[in-house]
Amino acid sequence: MSGDPFRDRRTVAGLAREIAAVARDLPRPVTLMEVCGTHTHAIAEAGLRRMMPGNVRLVSGPGCPVCVTPVSWLDRAIALGREPGTVLATFGDLVRVPSSAGTLEEHRAAGGRVEVVYSPRDAVEFAAAHPDLRVVFLAVGFETTAPPIAAALAEAEARGITNFLLLPGNKTMPGPLAALADAVDGFLMPGHVSVIVGAEAWRFLPERHGVSAAVAGFTPADVLAAILALLGRIVRGEPGLDNLYGRVVTPEGNRPAQELLARTFEPVDAEWRGLGVLPGSGLGLREELARRDASRIPVELPEPREPAGCRCGDVLRGEIDPPACPLFARACTPENPVGACMVSSEGACAAWYRHERWAREEAE
Ligand code: SF4
């Protein structure tokens, strides 16, 4: 027995047996969707998909922030990077994602300035050290990533660092969940986001959409326990919300982080790759912070163009598994990615390529 009860083989095997037993009573084949890049990889790495009975399908949804960021937003980032005296500061995940005008990596190779940072605060420090430059931080991520970005902006305000700007691209999860609720039988809720927003934030799923939601941690036992809870609810015909990550996630979430977000951002309509524009699903800067908003700088934009043949949008809606894309593991690999779902370490295509490609090839 391992020292970690959430990874213990016997615990995992016991949960898998319970899932198989409950699944015998399912009224129909069901689809459960996770919406978190860390869950995507946890499921793939531990081989949990292969443990599922034949009538339980696990799919990935729009849980990878880089993957859901649309081409049009990246086009704007690169157009801003071409403005004189402008440096783009970004997390590393974004630099190889294709836009209509190439990647940030290619923009840098062509002479553009791109600083890869490990935190938004690093970008503030860079701006402080280079007052002659305009530093635009490329703000992507969900409710988990947004608070440190808001904190960095507050720090820039407090220190009078006026050359630090954001290109707002943060998104919130309720919009896509509501959009996908009719297509799935249950959601595995993202543990990290739930720490910030609180488990109760997902109550609308059973109450308004009749679909169950289970907040899950990231070990194999965490994920299986959440799947078991969802299947039990489907069998009983009782849609509801379960918090299986109560050791970390509270019902109300992190109030100071929520207040910081409310002081910095306001809901705006936002475009998601594969889902289109979803009302109120983005975090735009509040009007009083307009001078920090790089999206207000006029730039010329190309017609948005997705990489030819890429089915990342279908993957993000859970309509196909990555191997159903004709380019998967052929023209598109982590070394030579065609689309965002293969570029990002959190992407479903990257997870399948790394952990489940062999199983699929054997099955074929
Ligand atoms: S395998 Fe590559 S081309 Fe196909 S959907 Fe995934 S990222 Fe796009």
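What you are looking at is a predicted structure, and each value in this text was computed from that prediction instead of being measured. Throughout, numbering of the chain's residues begins at 1 and tracks the sequence. Atoms within each ligand, like the ligands themselves, are counted from 1 in listed order.
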### Message
Please say yes or no: joined through hydrophobic side-chain contacts below 4.5 Å, possibly via intermediate residues, are I78 and L167 part of one cluster?
### Response
yes
## Note on the structure
Value for CZ (R305) from OG (S72), rounded to nearest 0.5 Å, stands at 13.5 Å
### Message
Under 2.8 Å from atom 8 (Fe) of ligand 1, which protein N, O or S atoms do you find? Ignore water molecules.
### Response
C310 SG
### Query
Are R159 and E155 within salt-bridge range, i.e. N to O under 4.0 Å?
yes
### Task
Give a yes/no on whether the SG-to-SG distance for C67 versus C341 is below 2.5 Å.
no
### Task
Determine which pairs satisfy disulfide bond (SG atoms under 2.5 Å apart) with at least one residue from residues 163-253, sequence neighbours left out, and list them in order.
none
### Query
Is any side-chain heavy atom of F142 closer than 4.5 Å to a side-chain heavy atom of T172?
no
